A.B. asks: 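Take this structure first; my questions come after.
Since we're looking at a predicted model, the values are computed, not measured.
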Amino acid sequence: MKKVAVIVNDDQHEGLRMGVGLTLGDNAVTVFLMDKPLESADDIDLNVETLGDMDAKVYSNLPGSKCEIMSTEEIARALTDFDAVIQY
């Protein structure tokens, strides 16, 4: 099983959708939402829910987010443990 990190900056819909797709392979997926609050839209909500159902983790570096919070520095340190890092 490969550990894959998806870093999402601007296009949350596509970044989260890609994270969901990566769970279909033999991957342990973690999504990091960076510098932007989680948007509220049906497709985004569905992707976040699906990621949870697939045991993927979703983190944000912004306090007050619906996701688990991880500071930018903690995220940077955590990225060294992944086999692949994809920025979207």
Side-chain angles (χ1 to χ4, degrees):
M1 179 176 289
K2 290 194 178 198
K3 289 179 63 177
V4 179
V6 178
I7 300 173
V8 180
N9 290 311
D10 294 321
D11 192 346
Q12 292 182 353
H13 166 71
E14 286 299 316
L16 291 166
R17 186 184 65 79
M18 183 173 28
V20 170
L22 287 166
T23 66
L24 299 177
D26 194 20
N27 301 304
V29 176
T30 302
V31 177
F32 298 100
L33 301 171
M34 303 300 295
D35 303 325
K36 197 173 159 186
L38 183 62
E39 297 171 13
S40 183
D42 289 342
D43 55 349
I44 289 175
D45 295 341
L46 177 61
N47 285 328
V48 170
E49 181 181 339
T50 303
L51 285 164
D53 291 345
M54 302 300 284
D55 295 324
K57 302 287 184 190
V58 180
Y59 295 96
S60 174
N61 67 339
L62 293 179
S65 179
K66 298 177 191 175
C67 309
E68 202 169 330
I69 304 302
M70 186 181 272
S71 73
T72 303
E73 293 79 17
E74 290 171 318
I75 291 170
R77 283 191 297 274
L79 291 177
T80 63
D81 294 332
F82 288 88
D83 298 308
V85 177
I86 302 167
Q87 184 175 356
Y88 202 86

A.B. asks: Tell me if a side-chain donor or acceptor on N61 pairs with a main-chain N or O of T72 at a distance below 3.5 Å.
C.D. replies: no

A.B. asks: Indicate yes or no: at least one non-hydrogen side-chain atom of M18 is less than 4.5 angstrom from one of I86.
C.D. replies: yes

A.B. asks: Please report the shortest heavy-atom distance between A56 and T23, naming the atom on each side.
C.D. replies: CB-CG2, 4.2 Å

A.B. asks: Check whether any side-chain heavy atom of I75 sits under 4.5 Å from a side-chain heavy atom of L79, and report yes or no.
C.D. replies: yes

A.B. asks: Starting at CZ of R17, measure out to CG of L22 and round the result to the nearest 0.5 Å.
C.D. replies: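 Rounded to the nearest 0.5 Å, the CZ-CG separation comes out at 10.0 Å.
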
A.B. asks: Compare every heavy atom of V20 with every heavy atom of N47, then report the nearest pair and how far apart it is.
C.D. replies: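 For N47 and V20, the tightest heavy-atom pair comes out as O-CG2, 3.7 Å.
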
A.B. asks: Restricting to non-hydrogen atoms, name the atom on M34 and the atom on N9 that form the minimum distance, rounded to 0.1 Å.
C.D. replies: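 The pair with the smallest heavy-atom distance is CB-OD1, 3.5 Å.
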
A.B. asks: Is the shortest side-chain heavy-atom distance between Q87 and V85 below 4.5 Å?
C.D. replies: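 Q87 vs V85: side chains apart.
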
A.B. asks: Once the angle between the rings of F82 and F32 is folded into 0 to 90°, is it parallel (under 30°), tilted (30 to 60°) or perpendicular (over 60°)?
C.D. replies: perpendicular

A.B. asks: Are there more than 12 heavy atoms of other residues, nucleotides or ligands under 6.0 Å from atom NZ of K2?
C.D. replies: no

A.B. asks: Please examine the side chains of L38 and Q12, heavy atoms only from C-beta on, and report whether any two atoms are closer than 4.5 Å.
C.D. replies: yes

A.B. asks: Do you know the tightest heavy-atom contact between D43 and H13?
C.D. replies: OD2-ND1, 2.7 Å

A.B. asks: On a heavy-atom basis, which atom in V29 and which in V31 lie closest, and how many Å separate them?
C.D. replies: CG1-CG2, 4.2 Å

A.B. asks: Would you say the side chain of K66 lies within less than 4.5 Å of the side chain of D45, judging by non-hydrogen atoms?
C.D. replies: yes

